[in-house]
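We count residues from 1, following the sequence as given.
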Amino acid sequence: MTGPGSRAFTEERRTHILELVESRGRVRVAELADLLGVAEPTVRKDIADLDRQHLLRRTHGGALAVRPTYDPELATRARHNVEGKRAIAKACLARIADGDAVYLDSGTTILALTEELRLALTGPAGGRGEPAEGRHPRQVNVLTNAVGVAQVLADVPTVRHTVLGGQYRTLGGCFVGPLALEAVRQFTVNTAFIGVTGLSTAGFTVSDVAEAELKNAVMDQARRVIVAMDHTKAGAHDFRKVCDLDRVDAIVTDRHHDDLARQCTGAGVELVVA
């Protein structure tokens, strides 16, 4: 007998299987059955279904992780839609007030915001030139897990700068893992600027389990959460869910997207088109 409850349990179990495969690289059926408290035939069926969706690779006696295809190297992503990301960055900058504590996530759109922040703090008239939106901060507390963000702001005297340490993820150019999770819980920020690789009806997604976990932990410590994503992310679905749409306060993007606008209206999320 099946019903909504059993379907929900199946989805939770398969999500757990994917997380284990992603974190360990390889898992065995017997081990999964023991961890999940189900029979081995049930695990084999789960693995077969996930294999058909190309989310893992079925092997004799277990499963292997597959390399996410949506996460190209950081330098390659930085060359895509440069003008759109710059427009998003300027719109996000207008939401940072003088003296704010902000979290700047990893990703090329957030890196564009970091560069705009640096320009606002060190640009013309000793850092007091006004952006198009009218005001900009003069002093900011920045918390980040991204090496690129740290490098861009390293020598800005009006930035109080804290970098989360942990396991270094080369593809994202950022620190993740238990140490980063433990550290981020010591801070509170006014606004967290979060990057994602997809937003579909299933919610926000990224390619890496550890990054998703850290983004969730950051959201718990933020008074306001803003997702900065260019239009290519709307409708895309990546490997690991981060959260539902209604968990964030605003999305800043570079082009109008009808489906995205409808989703945001239904979830009570502010949508800003830069």
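- Side chain of Asp249 to main chain of Val225: a donor-acceptor pair is present (N/O by atom type, distance under 3.5 Å, no hydrogens or angles).
- Residues Val163 and Leu214 do not share a hydrophobic cluster, defined by chaining ILVMFWY side chains whose heavy atoms lie under 4.5 Å apart.
- The line from CG of Leu164 to CG of Leu181 is 9.5 Å long, rounded to the nearest 0.5 Å.
- Put simply, CD1 on Ile251 and SG on Cys264 are 4.0 Å apart, with the number rounded to the nearest 0.5 Å.
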* To do: Could you walk me through whether Arg169 and Asp208 pass the side chain to side chain contact (heavy atoms under 4.5 Å, CB included) test, one step at a time?
  => CA-CA 9 Å; Arg169 183 170 184 263; Asp208 182 72; 3.3 Å; yes
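- Note: Leu245 CG to Thr201 OG1 = 10.5 Å, rounded to the nearest 0.5 Å.
- Not one N or O on the side chain of Thr253 forms a donor-acceptor pair closer than 3.5 Å with the backbone of Ala274.
- One distance of note links CD1 of Ile17 with CG of Leu50; it measures 6.0 Å at 0.5 Å rounding.
- Taken from CG in Leu119 to NZ in Lys90, the straight-line distance is 8.5 Å, to the nearest 0.5 Å.
- No chain of hydrophobic side-chain contacts below 4.5 Å, direct or via other Ile, Leu, Val, Met, Phe, Trp or Tyr residues, connects Val189 to Val156.
- The number of heavy-atom neighbours closer than 6.0 Å to CD of Glu182, taken from other residues, nucleotides and ligands shown, is 12 or below.
- Between Ala210 and Gly177 the shortest heavy-atom distance is CB-N, 4.4 Å.
- Atom NE2 in His16 sits 12.0 Å away from atom CG in Asp46 (nearest 0.5 Å).
- The two residues Glu211 and Gly172 make their nearest non-hydrogen contact at OE2-CA, 4.0 Å.
- Nearest heavy atoms, Arg185 versus Ala217: NH2-CB, 4.5 Å.
- A donor-acceptor contact shorter than 3.5 Å is absent between the side chain of Asp238 and the backbone of Arg240.
- The two residues Ala212 and Val242 come nearest to each other via the heavy atoms CB-CG2, 4.1 Å.
- With a 4.5 Å cut-off on side-chain heavy atoms, Val272 and Ile88 do not count as touching.
- Linking Ile, Leu, Val, Met, Phe, Trp and Tyr whenever their side-chain heavy atoms come within less than 4.5 Å puts Val209 and Leu32 in one cluster.
- Side chains of Leu179 and Gln167 form no contact here, defined as non-hydrogen atoms less than 4.5 Å apart.
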* To do: Please assess Cys174 against Val147 for the test side chain to side chain contact (heavy atoms under 4.5 Å, CB included), listing each intermediate value before the final yes or no.
  => CA-CA 6 Å; Cys174 60; Val147 172; over 6 Å; no
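- If you chain together hydrophobic residues whose side chains sit under 4.5 Å apart, Val269 and Val218 fall into the same group.
- Annotation: side chain of Thr42 is in contact with side chain of Arg13 (closest heavy-atom distance under 4.5 Å).
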* Would you please test Glu11 and Arg14 for salt bridge (charged side-chain N to carboxylate O under 4.0 Å, His left out) and show each step? => CA-CA 5 Å; Glu11 291 172 3; Arg14 291 177 181 178; over 6 Å; no
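- Evaluation of the ring pair (Phe, Tyr, Trp, His ring centres under 6.0 Å) test over residues 169-218, restricted to residues two or more places apart or in two chains, returns Tyr168-Phe175.
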* CA sep, side-chain torsions, deciding dist, call: Lys85, Thr108, side-chain hydrogen bond (donor to acceptor under 3.5 Å, both in side chains) -> CA-CA 8 Å; Lys85 291 173 182 177; Thr108 56; 2.7 Å; yes
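- Salt-bridge annotation for Glu31 and Arg28: absent, with no side-chain N of the basic residue lying under 4.0 Å from a carboxylate O of the acidic one.
- Side-chain contact check for Pro137 versus Leu117: some heavy-atom pair is nearer than 4.5 Å.
- Between Ala150 and Thr144 the shortest heavy-atom distance is N-CG2, 4.4 Å.
- Remark: Arg160 engages Asn141 in a side-chain contact (heavy atoms from CB on, under 4.5 Å) (not counting sequence neighbours).
- You'll find the side chain of Leu260 reaches within 4.5 Å of the side chain of Leu199, heavy atoms only.
- Of the possible polar contacts, none joining the Asp244 side chain to the Asp246 backbone as a donor-acceptor pair under 3.5 Å is found.
- Side chain of Asp51 to main chain of Arg58: a donor-acceptor pair is present (N/O by atom type, distance under 3.5 Å, no hydrogens or angles).
- Contact of the Ile226 side chain with the Val248 side chain is not registered, since no non-hydrogen atoms from C-beta on lie closer than 4.5 Å.
- The shortest heavy-atom contact between His257 and Ala234 is CD2-CB, 3.7 Å.
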With a 3.5 Å cut-off and sequence neighbours excluded, list the donor-acceptor pairs that the side chains of residues 91-105 form with protein atoms.
from: Arg95; atom 1: NH1; to: Glu270; atom 2: OE1; distance (Å): 3.3
from: Arg95; atom 1: NH2; to: Glu270; atom 2: OE2; distance (Å): 2.8
from: Asp98; atom 1: OD1; to: Arg138; atom 2: N; distance (Å): 3.0
from: Asp98; atom 1: OD1; to: Gln139; atom 2: N; distance (Å): 2.9
from: Asp98; atom 1: OD2; to: Arg138; atom 2: NH2; distance (Å): 3.2
from: Asp100; atom 1: OD2; to: Ala97; atom 2: N; distance (Å): 2.9
from: Tyr103; atom 1: OH; to: Asn145; atom 2: OD1; distance (Å): 2.9
from: Asp105; atom 1: OD2; to: Gly195; atom 2: N; distance (Å): 3.0
from: Asp105; atom 1: OD2; to: Lys215; atom 2: NZ; distance (Å): 2.4

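- Cluster annotation: Val176 is not connected to Val149 through the hydrophobic network of ILVMFWY side chains, with a link wherever side-chain heavy atoms come within less than 4.5 Å.
- Within the 4.5 Å cutoff, the side chain of Leu64 has no heavy atoms near those of the Val21 side chain.
- The side-chain heavy atoms of Val140 and Thr158, taken from C-beta on, include no pair separated by under 4.5 Å.
- A donor-acceptor pair under 3.5 Å is absent between the side-chain atoms of Thr109 and the main chain of Met229, judged by distance alone.
- Results of the side chain to side chain donor-acceptor pair (under 3.5 Å) test with Ser200 over His237, Lys233, Lys241, Gln263 single out His237 as the only residue that passes.
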